[in-house]
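Only one structure is covered here, and it is reproduced in the block below.
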Amino acid sequence: MELRPLGSTGLAVSVIGLGTVKLGRDQGVKYPGGTRIPSDDEAKSLISAATSLGITLIDTAPAYGTSESRLGSLLAGHRDRWTIVTKVGEEFQDGLSRFDFTPPAVRTSVERSLIRLRTDRVECVLIHSDGLVENAPELDETIDELEHLKSRGLIRSFGASTKTVTGGLRALDRCDVVMVTLNPGAKDDLAVIAEAKWRSKGVLIKKALASGHAAVARENAGPAAQATDPVAEALRFATGTPGVSSVIVGTSSPAHLAANCRAAAGE
Ligand code: NAP
């Protein structure tokens with residue numbers, strides 16, 4: 001597994017990371033056909049596969065249902081081999097998202113993430129943007145608090161998972177890392193990635209498979225997809241874009257994870 005620097009954070013991350021929405025949440029997701037939360041045995045197999053494949057980066061969030069707390073027990077005893085990314089600002093309860101980016105909410109959220117993840121620090125915390133805060137004046141207070149948490153040693157780096165190009169570019173002014181969308185049908189954030197590369201900031205990619213729609217395109221293409229597999233193409237596109245540190249692919253399938261790693265390696 002190729003490792004790449006996460007910008008100037010001093011961290012090296014696997015070029016394929018594991019996204020864990022599906023580990024803890026089955027409501028309000030955009031995956032074709034929905035999703036089913038994996039059993040404990042299935043979750044253990046997924047983490048075991050990720051470990052064997054050399055994946056070291058795992059992405060979670062308080063808004064991903066039980067994802068953080070499940071990871072706390074799944075990674076116990078092996079914590080130090082993982083780079084954990086979690087988020088602040090979004091809560092998902094009873095099928096609805098609520099957002100709070102105020103400094104006290106950020107502080108409380110990070111402290112709760114540490115308890116759920118059974119750790120004393122996380123390597124990166126991202127602002128889980130609703131698409132509005134990233135362009136609002138309040139963002140500076142949120143970042144001030146993340147800087148404070150970094151100085152306390154509770155987080156090693158911070159950034160923002162953004163929804164607009166303007167928000168992504170603004171985040172680069174004060175953050176270590178951005179998480180942006182990139183796939184063959186969504187290229188707007190290439191402008192953010194290029195600027196991040198220029199400034200030596202870390203870049204994490206979300207939705208590289210268009211939240212699973214690339215796999216639907218492959219099914220619909222039938223045998224023709226063997227020549228140009230849309231899933232493999234999307235992964236090669238994202239990992240091959242200059243400036244990208246890691247592509248966070250969401251899956252609950254060890255077989256899909258292995259195929260994704262092979263595709264990223266050009267096999
Ligand atoms: P994604 O990675 O583009 O797609 C995930 C979907 O693709 C899953 O339904 C998965 O199903 C399927 N898949 C993966 N590999 C496959 C393969 N080899 N063959 C067939 N199907 C495959 O979308 P995402 O999960 O929305 O985004 C990735 C991660 O980014 C998330 O898990 C999360 O960590 C992060 N994210 C963050 C934000 C935010 O901060 N606002 C938003 C979205 C996502 P299977 O389980 O069947 O493999």
Side-chain angles (χ1 to χ4, degrees), residues 16-26 28-38 42-43 45-46 49-50 53 55 57-65 67-68 71 83-92 97 99 101 124-134 158-164 167-168 171 177-186 189 203-221 225 229-239 244 246-265 267:
I16 295 290
L18 177 61
T20 63
V21 177
K22 291 184 134 185
L23 195 62
R25 175 167 154 183
D26 60 2
V29 291
K30 292 177 184 163
Y31 302 113
T35 189
R36 173 183 66 78
I37 293 179
E42 289 169 329
S45 298
L46 183 67
L53 290 161
I55 290 172
L57 180 59
I58 200 152
D59 178 68
T60 183
Y64 299 167
S67 172
E68 284 189 317
L71 288 176
T83 296
I84 301 178
V85 180
T86 191
K87 309 194 185 73
V88 291
E90 179 177 350
E91 302 287 330
F92 185 81
S97 287
F99 297 91
F101 301 99
C124 185
V125 169
L126 302 175
I127 297 166
H128 208 162
S129 178
D130 56 357
L132 299 175
V133 71
E134 64 202 53
F158 64 84
S161 177
T162 54
K163 296 192 176 187
T164 63
V177 175
V178 285
M179 176 182 263
V180 294
T181 298
L182 182 67
N183 61 59
D189 282 334
V203 175
L204 304 177
I205 300 300
K206 58 187 171 184
K207 305 184 190 178
L209 302 181
S211 296
H213 292 276
V216 174
R218 178 172 63 188
E219 279 163 31
N220 292 342
D229 175 358
V231 171
E233 293 255 308
L235 289 169
R236 282 196 288 269
F237 171 60
T239 56
V244 169
S246 180
V247 178
I248 309 288
V249 186
T251 184
S252 45
S253 157
H256 286 169
L257 196 57
N260 296 341
C261 291
R262 284 195 301 274
E267 293 169 13

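Numbering of ligands and ligand atoms starts at 1, following listing order.
Side-chain atoms of Leu18 and Leu46, non-hydrogen and from C-beta on, do get closer than 4.5 Å to each other. Proximity of Ile248 to Ile205: side-chain heavy atoms (C-beta onward) are nowhere separated by under 4.5 Å.
Contacts of ligand 1 (protein heavy-atom distance under 4.0 Å) are Gly19, Thr20, Val21, Lys22, Tyr31, Asp59, Tyr64, Lys87, His128, Ser161, Met179, Lys206, Lys207, Ala208, Leu209, Ala210, Ser211, Gly212, Ala215, Arg218, Val231, Ile248, Val249, Gly250, Thr251, Ser252, Ser253, His256, Asn260.
Of the candidates Thr86, Ile84, Leu23, Ile58 forms a side-chain contact (heavy atoms from CB on, under 4.5 Å) with just one, namely Ile84.
Panel note: side chain Glu134, backbone Ala171; no donor-acceptor pair is recorded below 3.5 Å. No donor-acceptor distance shorter than 3.5 angstrom exists from the side chain of Glu68 to the backbone of Thr60, with no hydrogens or angles considered. Side-chain atoms of Lys207 never come within 3.5 Å of backbone atoms of Leu182 as a donor-acceptor pair (strictly under, hydrogens ignored).
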